[in-house]
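Let me begin by presenting the structure, written as structure tokens, before commenting on it.
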There are 2 protein chains.
Amino acid sequence: MKIVRVEKIIERGPFAASQEWKRIRRQALAAIQAAEWPVGSGSFTVYPQSGKKTGEGNGVKPIKDNVIKMLTGGKPKYGALIKQRLNERNNTAILDEWVSEYPWPVGEREKETGGSRPGGMDAAYVFREGLVCFEWETGNISSSHRSLNKMCLGLLKGRIKGGMLVVPSRELYRYLTDRIGNIAELEPYFDLCRSISCEDGVLDIIVIEHDALSTDVPKIPKGTDGRAKG
Amino acid sequence: MKIVRVEKIIERGPFAASQEWKRIRRQALAAIQAAEWPVGSGSFTVYPQSGKKTGEGNGVKPIKDNVIKMLTGGKPKYGALIKQRLNERNNTAILDEWVSEYPWPVGEREKETGGSRPGGMDAAYVFREGLVCFEWETGNISSSHRSLNKMCLGLLKGRIKGGMLVVPSRELYRYLTDRIGNIAELEPYFDLCRSISCEDGVLDIIVIEHDALSTDVPKIPKGTDGRAKG
DNA sequence: TATGGATCCATA
DNA sequence: TATGGATCCATA
């Protein structure tokens, strides 16, 4: 898969200048670039049919799953990983590594019940100084706003050191489910993100695109969510 | 309809202290409080069925339409209004009044085609010093994030003087379409809004709730009623 | 085509 | 129940 643009919305302070961040970003970009369709083909080829009508075009879910797997080395999700390490050798520290479904340290309400915190970052890099959050945005464009807000809030409150949001280019968007997050519609809000008070942190928007178009590949399957009849 | 809370997220500078703003807010709150279900009943009564499953509970669209009509006095939408006044007496000024579907002065991309700017504020109060934007949020909670971002961007860029966002309480949310915008899920982000750089402007979140529950009233129709996909 | 929805899904 | 998502809709 092609990365057509990396928009560095926020790049401030020591962390932005650190080798650690450069390495984390390099790892993330590499995992994205390794994404394939069809899986195993060595390239990302999309069936060129508009995704705006029922059952037509390409779904979005399968694209993401393999990238997260690539990034985390196929490890269990955060919750399961914690348990596994406790069992194995009484060493629960998750450090200097990527993990999926890391619980968000901001943006959730306090539960009266003290309940769990469902949902998490698609992936996070955990290191001594903090967290870098990685979100592969495959929801509605409005969902990308929430994602961006979460990262900005995390930076504002100092709960994360960095955020990376992956969104389709407007070209790729054409072939995916209608109203998926895309760079064109997010761009006007970059100034809003830039205006937040944060002296040490980074925020990248990473724009992805297919390598090629071909009617010889299968369409990426859609699910039965939303208004789909299934 | 009950207003259970008015959260004054941003209240800064001369405009926040002005009589004009107080009057504008009073008008908006009055229009909201006048909302009825069933229409004409003098109260807002909801059929107490969870809206989380297909075809069950209450839709959200009809609630909003009457409030906007109340606020704008049933005038045509912005585009049609401009044309009407041109025809009538060559006086196109829209001033010191509420109008629906006012085009957003931020957040849209420049169209290469110079094309139109579809979509608009649900309503806007237009006055000499600027605009107050009124959004009655009935979309997905993620859509509320976009709405909030739009208002914050408008305030940041000085394109609007005020924003008002209407959202259901968590109590009312239970009976509406699944995942509708609601106060509980927006609240953690208030700090983010507060942090924007704006020296003269206001931002209110208005929380609404039904007056009563009763199985004697019809459910508020969902959008797929009478459609092929319903 | 472009934009703001409106609705239901999957999973913890 | 709670949350992030995925899918199609209505209208300009």
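Below, chain A is the first sequence line, B the second, and so on; all start at residue 1.
Put simply, CG on B:Asp178 is 13 Å from P on D:dG4, counting in whole angstrom units. Distance CG (A:Asp122) to P (D:dG4): 11 Å, rounded to an integer number of Å. When rounded to the nearest whole Å, the span between CD of A:Glu135 and C1' of D:dG4 equals 9 Å. Straight-line distance from the CD atom of A:Glu171 to the C1' atom of C:dT1: 13 Å, rounded to whole Å. Between the NZ atom of A:Lys77 and the P atom of C:dA12 there is a distance of 5 Å, rounded to whole Å.
The side chain of A:Thr54 lies closest to D:dC8, out of D:dC8, C:dG5, D:dT3. Residue B:Lys64 has its side chain nearest to C:dG5 when only C:dT7, D:dA2, C:dG5 are considered. Closest approach to the B:Lys222 side chain among D:dT3, D:dG5, C:dT7 is made by C:dT7 (side chain taken as heavy atoms from C-beta onward).
By the ring pair (Phe, Tyr, Trp, His ring centres under 6.0 Å) test, B:Tyr173 pairs with no residue at all, sequence neighbours left out. Remark: B:Tyr47 pairs with no residue by the ring pair (Phe, Tyr, Trp, His ring centres under 6.0 Å) rule, at least two apart or across chains.
Environment of NZ in A:Lys2: crowded, with over 12 heavy atoms of neighbouring residues, nucleotides or ligands closer than 6.0 Å.
The base of D:dG5 has none of its N or O atoms less than 3.5 Å from a complementary donor or acceptor on the side chain of B:Arg179.
Residue A:Gly57 is out of contact with every strand shown, counting any heavy-atom pair closer than 4.0 Å.
The phosphate of D:dA10 has neither OP1 nor OP2 within less than 4.0 Å of any side-chain N or O from B:Lys61.
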